[in-house]
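Being a predicted model, the structure only gives us computed values, none of them experimental. In this chain, residues are counted from 1 in sequence order.
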Amino acid sequence: MPRDHPLGTSDLIYPEKITGERCAGKLARTVREGAVGKGPAPRAPRRRPTSLRRWRDHALVKEFHDQLRAKVREKLGRDAEPTAGVIDSQSVKADAVVGSDSRSFDGGKLINGRKRHVVVDTLGLLLGVMVTAADVGDRTAAHVLLRQVAAAHHQLELVWADGGYTGSLVAHCLATLALVLTIVKRSDDMRGFVVLPKRWIVERLFAHLMRTRRLARDYERRTTSAEAMIYWSMIGLMTRRLARPHPARA
């Protein structure tokens with residue numbers, strides 16, 4: 001398509017024409033407001049990747065996210081690399097566009113959709129995320145996710161988890177990943193809502209994700225797109241923290 005073609009002005013066809021700042025602003029608005037960008041016209045003979053695909057496929061969104069996380073930690077007087085984290089999962093309903101190959105039924109939560117497995121640091125900032133079908137067990141996903149997080153964060157030594165991560169995973173983390181996986185259990189005599197040590201940190205992250213309209217349920221056809229949307233949601237959270245005139249309380 002020639003550059004002087006009327007459709008050539010679309011930044012979805014020629015994403016290299018947008019500045020990085022404007023591109024990031026568009027994608028952040030998409031995640032926050034749940035809007036879907038309009039793609040190129042059907043008569044366009046060749047479709048180039050949209051800006052969202054480019055940020056996703058080249059891991060630009062994760063790189064951008066990780067740099068912001070380091071800045072937020074340093075602003076709060078912490079080291080750029082964490083030494084402790086918390087792991088948990090969240091099942092969410094999936095939209096009709098999500099195919100049967102990446103969605104299923106979570107019998108425990110009675111949800112038909114996908115599951116978000118996340119690891120956060122002690123400030124509630126995201127260290128790693130993996131989106132799977134809802135019937136994938138927490139321990140099964142943790143084997144993969146913790147290996148990825150440990151490879152990216154070499155100073156990580158301790159990870160807190162709930163009772164769903166008990167069993168052979170504890171010994172596997174210590175022997176293979178040099179990680180101490182500590183299980184924070186709920187006492188049998190507890191009644192009603194009780195804030196559990198360390199586990200509330202990751203629950204706060206899930207609450208933030210559910211306030212993001214695009215993440216209220218899973219609307220993405222690909223799990224990699226769903227993971228990118230979670231990174232964009234956290235990017236919005238961290239940029240607001242960095243914009244504050246004074247450091248927030250830890």
Side-chain angles (χ1 to χ4, degrees), residues 11-12 15 18 20-39 48-69 72 86-104 106 109 111-121 123-134 136 141 144-145 148-149 152 201-242:
D11 50 27
L12 295 179
I18 339 183
E21 180 181 356
R22 183 179 166 205
C23 177
K26 283 191 170 187
L27 296 177
R29 186 175 67 250
T30 297
V31 178
R32 183 178 63 253
E33 300 177 359
V36 179
K38 185 173 68 173
R48 299 192 180 186
T50 64
S51 52
L52 175 60
R53 293 173 188 161
R54 172 168 294 189
W55 281 75
R56 177 197 66 197
D57 296 341
H58 295 278
L60 298 177
V61 59
K62 186 178 185 303
E63 180 181 354
F64 183 28
H65 168 274
D66 291 348
Q67 292 181 9
L68 284 177
R69 184 189 61 238
V72 172
V86 190
I87 186 172
D88 205 350
S89 65
Q90 177 193 42
S91 296
V92 293
K93 295 181 179 180
D95 191 68
V97 300
V98 178
S100 59
D101 57 332
S102 63
R103 70 184 295 164
S104 59
D106 182 352
K109 302 293 180 61
I111 289 178
N112 185 354
R114 286 177 174 163
K115 186 179 289 188
R116 300 164 179 164
H117 308 268
V118 301
V119 178
V120 302
D121 64 9
L123 297 176
L125 304 177
L126 189 64
L127 299 180
V129 59
M130 184 172 68
V131 176
T132 66
V136 176
V144 179
L145 181 58
Q148 295 174 352
V149 172
I201 299 174
V202 68
E203 295 296 341
R204 182 177 60 179
L205 177 134
F206 289 144
H208 165 74
L209 296 183
M210 296 306 287
R211 286 196 298 269
T212 307
R213 291 184 61 186
R214 185 67 176 247
L215 298 176
R217 67 172 57 202
D218 201 317
Y219 294 99
E220 315 307 323
R221 288 185 172 88
R222 297 173 54 176
T223 55
T224 51
S225 296
E227 293 167 1
M229 289 296 176
I230 294 174
Y231 280 120
W232 276 115
S233 178
M234 291 303 297
I235 286 172
L237 175 67
M238 291 187 294
T239 51
R240 290 194 296 271
R241 290 189 181 183
L242 288 173

Can you name the closest pair of heavy atoms from V149 and G128 and give their distance?
CG2-CA, 4.0 Å
Look at the side chain of R241 and the backbone N and O of G236, then say whether any donor-acceptor pair between them is shorter than 3.5 Å.
no
I235 to F64 - nearest heavy-atom pair and separation:
CD1-CD2, 3.7 Å
Set of side chain to side chain donor-acceptor pair (under 3.5 Å) partners for S233, sequence neighbours left out
H208, T212
Verify side chain to side chain contact (heavy atoms under 4.5 Å, CB included) between L68 and T239, making sure each step is shown before the conclusion.
CA-CA 7 Å; L68 284 177; T239 51; 3.8 Å; yes
Output all residues satisfying side chain to side chain contact (heavy atoms under 4.5 Å, CB included) with I111, sequence neighbours left out; order by chain, then residue number.
S91, K93, K109
Residue pairs involving residues 218-227 (criterion salt bridge (Lys or Arg N to Asp or Glu O under 4.0 Å); sequence neighbours excluded)
R114-D218, R214-E220
Y219 vs V98, test: side chain to side chain contact (heavy atoms under 4.5 Å, CB included). Steps then yes/no.
CA-CA 7 Å; Y219 294 99; V98 178; over 6 Å; no
Minimum heavy-atom distance between L145 and H117, given as atom pair plus value:
CD2-O, 3.5 Å
In sequence, state the C-alpha distance, the side-chain angles, and the governing distance for Q90 and M210, and then conclude on side chain to side chain contact (heavy atoms under 4.5 Å, CB included).
CA-CA 10 Å; Q90 177 193 42; M210 296 306 287; 3.4 Å; yes
Supply the atom-to-atom distance M229 CE to R116 CZ, rounded to the nearest 0.5 angstrom.
11.0 Å
Decide yes or no for I201 and V120: does some side-chain heavy atom of the first lie under 4.5 Å from some side-chain heavy atom of the second?
yes
Taking C-beta and beyond as the side chain, do L126 and R69 meet within less than 4.5 Å on heavy atoms?
no
Heavy atoms only: give me the nearest S104-A134 pair and the separation to one decimal.
OG-N, 3.0 Å
Hey, could you give me the CG/CZ distance between L237 and R211, rounded to the nearest 0.5 Å?
8.5 Å
Closest approach of M234 to G124 (non-hydrogen atoms, all atoms of both residues):
CE-O, 3.8 Å
Could you give the distance from CG (D66) to NZ (K62), rounded to the nearest 0.5 Å?
4.0 Å
Point-to-point distance, once rounded to the nearest 0.5 Å, from CE of M238 to OH of Y231:
10.0 Å
Between I87 and V119, the two heavy atoms sitting closest are CG1-CG2, 3.9 Å
Roughly how far, to the nearest 0.5 Å, is CZ of R103 from OG1 of T132?
13.5 Å
CG of L125 to CG of L123, rounded to nearest 0.5 Å, is 5.5 Å
Candidate pair V131 and I230, rule side chain to side chain contact (heavy atoms under 4.5 Å, CB included), full reasoning:
CA-CA 10 Å; V131 176; I230 294 174; 4.2 Å; yes
